[in-house]
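Below is one structure, written out as structure tokens, with a few remarks after it.
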Amino acid sequence: MHCNHWRIVALQDFREIDWMTIAKPVSRTYPSHRPLKRKTGLPRRRPELPGTVARTDRGANRVLFVTTEMTDFVKAGGLGDVSAALPRALARYHDVRVLIPGYPKVLAKLDKSLRLVGKTRSHHKLPACEIAEARLDDGLGVLVLCNAELYEREGSPYTDARGHEWPDNDIRFATLSHAAAEIALKHAHMNWRPELLHLNDWPCALAAYYMEDKSNAVPTVLTIHNLAYQGVFPASSAAGIGLSARRRIEHDRHGRLSFLHEGLAKATYLTTVSASYARQITEPLYGCGLEKLLRKRALEERLVGIVNGIDQSWDPQNDPALVSPFAIGEWSKRHDNTQKLREELGLRQQHGPLFAVISRMVQQKGVDLICQAAPQIIAAGGQLALIGRGDPAIESGIARLARRFPGRVAAHIGFEEGLARRMFAGADFLLMPSRYEPCGLSQMYAQAYGCLPIAHATGGLIDTIEDGITGLLFGAACVSELRLCLQRAFRIYAEPLLLNAMRGAAMLEKRNWDEPGRHYATLYRRMLPSKNLPEISAQTAPHPHKENAYAHL
Ligand SMILES: Nc1ncnc2c1ncn2[C@@H]1O[C@H](COP(=O)(O)OP(=O)(O)O[C@H]2O[C@H](CO)[C@@H](O)[C@H](O)[C@H]2O)[C@@H](O)[C@H]1O
């Protein structure tokens with residue numbers, strides 16, 4: 001009822017507005033292929049994920065979801081969110097367990113609930129590991145790959161505390177991949193054996209290689225969250241991780257070994273996190289040197305795009321991180337969040353739009369373009385708040401900006417989800433001029449909180465933002481296009497009726513993991529032995545290929 005009411009109000013508001021002059025895109029030519037005050041005392045967010053109905057009955061197929069991040073324990077980026085939510089969505093259909101390395105945070109959190117369930121053998125330079133299991137409060141099973149020397153280190157899953165990659169990442173992640181294959185091949189002395197492996201990104205990709213040619217191999221799905229990260233190592237590491245010279249090993253054009261290349265060539269199915277990105281990566285501009293291989297897999301109908309969802313904790317009515325929770329239409333409550341955010345960030349209380357940036361600080365995200373456009377935002381009466389961590393050069397660029405415009409630009413170098421949530425709830429616009437974006441989660445979180453994304457029309461941003469309705473898109477990742485789009489944003493901000501109608505439309509985008517979960521479950525069923533389960537309704541779980549933007553190939 002509430003939602004329908006708002007849909008009607010939003011549509012009425014839309015009709016009353018002179019769209020042609022206000023929201024009209026300046027350019028719609030999209031790519032042809034087409035010292036901050038830290039808020040204290042606020043409750044830290046506890047992710048309220050939906051209750052998981054963990055299927056362990058004999059009719060359920062067994063799936064092992066292999067990942068290097070999971071928001072329950074450790075998150076370096078979007079993969080952590082997906083790995084927390086997707087297995088839970090899939091647990092409705094299958095007996096799903098997650099395999100993750102035993103980082104200190106994983107061990108500390110699971111602690112006494114862990115019990116030893118198996119062990120893997122050593123393989124060339126890959127050490128033997130123990131496998132421990134725990135059930136999370138909501139029933140989701142987690143297998144932890146325990147090896148103190150490899151995984152019990154401070155820092156991110158991939159780097160030390162100063163951001164330098166661990167020099168033995170080839171061994172660390174080949175060990176994870178090998179363990180996944182060992183479990184699937186029933187060499188890990190476990191009672192439970194998966195019928196399918198779901199691998200994520202390069203760190204797990206070699207599992208498909210270790211499985212190849214084995215008589216009791218199980219099918220593999222490899223999801224590409226970001227093709228630019230390929231796990232490239234010198235050819236000399238091949239022997240140590242047990243890649244046999246007799247079998248064909250894929251090398252990149254410099255003769256180096258690429259974990260991702262191996263996985264892309266050998267996995268049964270490849271998925272990526274939006275239909276538009278699935279199409280883009282088959283072309284040289286976005287294919288990162290792997291486009292030929294990806295095009296081949298697409299022609300074999302083995303590449304599928306499934307747009308990510310967002311979990312139910314992203315709800316502005318029930319978010320403990322917010323000062324003033326709000327629903328659609330409660331714009332004054334939302335404005336309270338804006339004022340509090342300004343206070344928290346040391347920004348002046350003023351009239352004018354507040355633009356937010358919540359991002360890993362890497363070249364992909366186009367933060368340099370934002371730095372170039374910032375003086376225009378400030379001159380026009382806007383403010384800018386940035387939070388992120390990553391490339392030191394980009395970090396110091398945004399810190400310089402904050403020093404140059406005190407009270408108007410706030411920069412927070414770090415990773416803090418509570419603050420990110422308050423920024424989604426308080427900012428008027430989210431800037432996302434990503435050069436490429438496989439899916440993007442921040443724009444969907446922003447929409448859920450009535451913060452309008454301003455984004456480069458690429459990848460999943462095309463698939464999740466309706467230009468002029470649930471956000472603004474611009475055609476090329478360059479500062480001139482961004483500036484034109486910022487002008488549109490200022491015009492929209494000056495029209496409260498339109499601004500609120502767009503906020504309402506964005507908040508009405510009901511995104512969750514139900515639909516993506518059904519798509520993955522349907523894909524799994526094509527590879528799994530039938531257990532005479534009722535078919536998932538064709539209406540709700542369409543053939544993944546039908547959704548694909550590469551269907552024209
Ligand atoms: N400093 C900070 N403090 C707090 N929170 C921060 C933060 N910096 C980033 N975040 C949060 O981290 C997540 C980033 O997710 P994204 O999907 O936007 O990007 P990422 O490039 O990491 O993921 C890759 O994988 C995901 C998942 O498939 C794809 O959506 C994406 O396109 C692909 O690049 C979001 O939840 C964001 O809000």
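Predicted model only: the values in this text are computed from it and were never measured. As the structure lists them, so they are numbered: ligands from 1, and atoms in each ligand from 1.
- Between Asp428 and Arg503 there is a salt bridge, with a side-chain nitrogen of the basic residue lying less than 4.0 Å from a carboxylate oxygen of the acidic one.
- Counting heavy atoms only, Gly78 comes closest to atom 23 (O) of ligand 1 of the residues Ser442, Gly78, Gly459, Gly460.
- Ligand 1 lies nowhere less than 4.0 angstrom from a heavy atom belonging to Gln443.
- Of the heavy atoms in Ala420, only side-chain atoms (C-beta onward) come closer than 4.0 Å to ligand 1.
- Aromatic ring centres of Tyr229 and Trp202 lie farther apart than the 6.0 Å criterion allows.
- With salt bridges taken as basic N to acidic carboxylate O contacts below 4.0 Å, none links Asp160 and Arg153.
- Between Asp368 and Arg435, at least one side-chain nitrogen of the basic residue sits less than 4.0 Å from a carboxylate oxygen of the acidic one, meeting the salt-bridge criterion.
- When heavy-atom distances to ligand 1 are checked against a 4.0 Å cut-off, Asp81 comes that close only through its side chain, counted from C-beta outward.
- Close to ligand 1: Lys365, with a non-hydrogen atom less than 4.0 angstrom away.
- Because its NZ or CZ atom is not both nearer than 6.0 Å to the ring centre of Trp513 and within 45° of the ring axis, Arg88 does not count as a cation-pi partner of that residue.
- Residue contact check for ligand 1: Gly414 places a non-hydrogen atom closer than 4.0 Å to it.
- The closest non-hydrogen atom to atom 17 (O) of ligand 1, taken over Leu441, Ile413, Asp201, comes from Leu441.
- Under the 4.0 angstrom criterion for non-hydrogen atoms, His412 is not in contact with ligand 1.
- Counting heavy atoms under 4.0 Å from ligand 1, residue Ser359 touches it through the backbone alone.
- Classified by interplanar angle (parallel below 30°, tilted 30° to 60°, perpendicular above 60°), the ring pair Phe429/Phe355 is parallel.
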